[in-house]
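Side-chain atoms are counted along with the backbone in the values below, which use heavy atoms only and exclude waters and symmetry mates. Only a predicted model underlies this, so the values are computations on that prediction, with no experimental measurement involved.
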Amino acid sequence: MNRWKLVVVDDHPVVRDGLRAMLGTQPDFEVVGEAAGGAEALAVVAAVKPDVVLTDLRMPDPSGAELIRLLRERAATARVLVLTTHDTDSDVLPAIAAGAIGYLLKDTPREELFRAVRAAVRDESVLSPPVAARLLSNVRPAAPANTALSAREREIVGLLARGRTNRELAADLHISVATVKTHLLHVYAKLGVPDRAAAVAAAYERGLLDPR
C-alpha cells in the first residue's frame, strides 16, 4: 500500500497535534512534518517533499493565498488542501485562485477529511458545501425569483428553518449526509444564495415557507 506523505500547517499546537493523531489512524497516511507558520512551512515542505500540505490560512507570514502560491511554485507536486474556519469571499476566492486543490472548514467530519486528502492525491478538487456554494454564487448570476424548488428541496429548506443540522436532516429524510449536501448545493444555486441562513431568508422572502 502506498503511504501518502502529509505536512500539517497551523499556528495552534493543539490543532496540529489533533490532526497528526487523527491522520495517523489511517494506514495510507504518514504525517512527515508540521509547521506553525508560512516561512516554516516552506522550509519543511522543501525538505520532506510531501504529497499533500494541509494548511490553515491566517498565520504568521507568508499566509493565505501568498503561502499557497509559494508552495505551488516551490513544490509543484504537492497538493495544497486548505483546512480553516474562514469562509468569506476574501479567503476562499484568493486561495482557490492561488492553486489550492481543496478548501475545507474545520467542522468537517473526520471521515470526510480523510476522503478529501485521498481525493487531493488523485488531483481531484474537494470543497466543503458552504465553500462550493460561495464559489457558485460568484460565478453565476443570481437565480430568478421564480426558480422552482423541487418538493424534496422545499422540504429540506423547511427543516433548515427549524434549525436542523445535516445529520438531523439525513435522519429525518432517511437519506445520507452526502445526499443532503447535494440537495443543499442545488437549493443554494436555485435561490442564488451562499449558505443555509441565506437560503431560509430567501425562501421566506419568496413565499416558499409559511412565516408562522
For this session: Considering non-hydrogen atoms only, spot the tightest contact between P94 and D91 and give its length.
Result: CD-O, 3.6 Å

Exercise. For E155, which residues count as a salt bridge (charged side-chain N to carboxylate O under 4.0 Å, His left out) partner, sequence neighbours excluded?
Worked result: R152

Exercise. Closest heavy-atom contact between A95 and A65?
Worked result: N-CB, 4.2 Å

Exercise. Taking only residues two or more places apart in sequence, or in another chain, which ones meet R167 in a salt bridge (charged side-chain N to carboxylate O under 4.0 Å, His left out)?
Worked result: none

Exercise. Can you check side chain to side chain contact (heavy atoms under 4.5 Å, CB included) on N2 and V121, steps first, answer last?
Worked result: CA-CA 11 Å; N2 287 332; V121 170; over 6 Å; no

Exercise. Looking at V82, I101, I96, which one forms a side chain to side chain contact (heavy atoms under 4.5 Å, CB included) with L127?
Worked result: I96

Problem set entry | salt bridge (charged side-chain N to carboxylate O under 4.0 Å, His left out) partners for D61, two or more places apart | none

Exercise. Are the side chains of L19 and L6 in touch, meaning some heavy atoms are under 4.5 Å apart?
Worked result: no

Problem set entry | E153 backbone acceptor or donor facing S150 side chain under 3.5 Å | yes

Exercise. Applying the 4.5 Å side-chain criterion to the ILVMFWY set and letting contacts propagate, would V9 and V31 be lumped into a single cluster?
Worked result: no

Problem set entry | Residue list, side chain to side chain donor-acceptor pair (under 3.5 Å) with R69, at least two apart or on another chain | E66, E73

Exercise. Between H183 and L169, is any pair of side-chain heavy atoms under 4.5 Å apart?
Worked result: no

For this session: Examine L105 and L113 and state if one hydrophobic cluster contains both, with Ile, Leu, Val, Met, Phe, Trp and Tyr joined whenever side-chain heavy atoms are less than 4.5 Å apart.
Result: no

Exercise. Nearest heavy-atom pair of F114 and F29: which atoms, and what distance?
Worked result: O-CZ, 3.7 Å

Exercise. Is there any salt bridge (charged side-chain N to carboxylate O under 4.0 Å, His left out) pair reaching into residues 170-180, and which pairs are they, with sequence neighbours excluded?
Worked result: R164-D172

Seminar exercise, completed: The side chain to side chain contact (heavy atoms under 4.5 Å, CB included) partners of V126 (sequence neighbours excluded) come to L104, A116, A119

Donor-acceptor pairs under 3.5 angstrom involving side-chain atoms of residues 34-43: please list them, not counting sequence neighbours.
unit_1	atom_1	unit_2	atom_2	d
E34	OE1	R20	NE	3.0
E34	OE1	R20	NH2	3.0
E34	OE2	R16	NE	3.0
E40	OE1	A36	N	2.9

Seminar exercise, completed: So CD of E168 and CG of L160: to nearest 0.5 Å the spacing works out to 11.0 Å

Exercise. Got a sec, which pairs hit salt bridge (charged side-chain N to carboxylate O under 4.0 Å, His left out) with one end in residues 21-33, sequence neighbours left out?
Worked result: D28-R118

Exercise. Hey, quick one: are I156 and L191 part of the same hydrophobic cluster, counting side-chain heavy atoms closer than 4.5 Å, chains of contacts allowed?
Worked result: yes

Problem set entry | Partners meeting salt bridge (charged side-chain N to carboxylate O under 4.0 Å, His left out) with R115 (sequence neighbours left out) | none

For this session: Answer yes or no: is there a donor N or O on one side and an acceptor on the other, between the side chain of R72 and the main chain of T77, under 3.5 Å?
Result: no

Exercise. Between NZ of K190 and CG of L149, what distance do you get to the nearest 0.5 Å?
Worked result: 6.0 Å

Seminar exercise, completed: Residues passing the side chain to side chain donor-acceptor pair (under 3.5 Å) test with H186, sequence neighbours excluded, are none

Problem set entry | Transitive ILVMFWY side-chain link V177 to I175, under 4.5 Å | no

Exercise. So which heavy atom on L208 is nearest to which on R154, and how close?
Worked result: O-NH2, 3.5 Å

Problem set entry | Separation of L184 CG from D195 CG (nearest 0.5 Å) | 11.0 Å

Problem set entry | Worked check of side chain to side chain contact (heavy atoms under 4.5 Å, CB included) between V15 and K106 | CA-CA 10 Å; V15 173; K106 284 184 176 176; 4.2 Å; yes

For this session: Flag yes if V45 and V8 sit in one hydrophobic cluster, no otherwise; membership is Ile, Leu, Val, Met, Phe, Trp, Tyr, and two members link when side-chain heavy atoms are under 4.5 Å apart.
Result: no

Exercise. Measuring from T179:OG1 to H174:NE2, what's the distance to the nearest 0.5 Å?
Worked result: 13.5 Å

Using distance only, find each side-chain donor-acceptor pair of residues 48-55 under 3.5 Å and give its atom names and separation, not counting sequence neighbours.
unit_1	atom_1	unit_2	atom_2	d
K49	NZ	A46	O	3.1
D51	OD2	K5	N	2.7

Exercise. Would E112 and K181 satisfy salt bridge (charged side-chain N to carboxylate O under 4.0 Å, His left out), going step by step from the backbone distance to the final call?
Worked result: CA-CA 12 Å; E112 291 185 22; K181 292 178 178 179; 2.4 Å; yes

Seminar exercise, completed: Tightest non-hydrogen contact, residues T25 and M22, listed as OG1-O, 2.6 Å

For this session: May I have the step-by-step check of side chain to side chain contact (heavy atoms under 4.5 Å, CB included) for V32 and R3, ending in yes or no?
Result: CA-CA 11 Å; V32 294; R3 298 196 72 192; over 6 Å; no

Exercise. For residues 74-83, which residue pairs qualify under salt bridge (charged side-chain N to carboxylate O under 4.0 Å, His left out), counting only residues two or more places apart or in two chains?
Worked result: R79-D123

Exercise. Which distance, rounded to the nearest 0.5 Å, do you find between the CG of D10 and the NE2 of H12?
Worked result: 6.5 Å

For this session: Please report the C-alpha distance between L83 and Y103 in whole Å, then the side-chain angles of each, then the deciding distance to 0.1 Å, and finally whether the side chain to side chain contact (heavy atoms under 4.5 Å, CB included) criterion is met.
Result: CA-CA 6 Å; L83 180 66; Y103 198 113; over 6 Å; no

Exercise. Looking only at heavy atoms, which two atoms of T108 and S128 are closest? And how far apart?
Worked result: OG1-OG, 3.6 Å

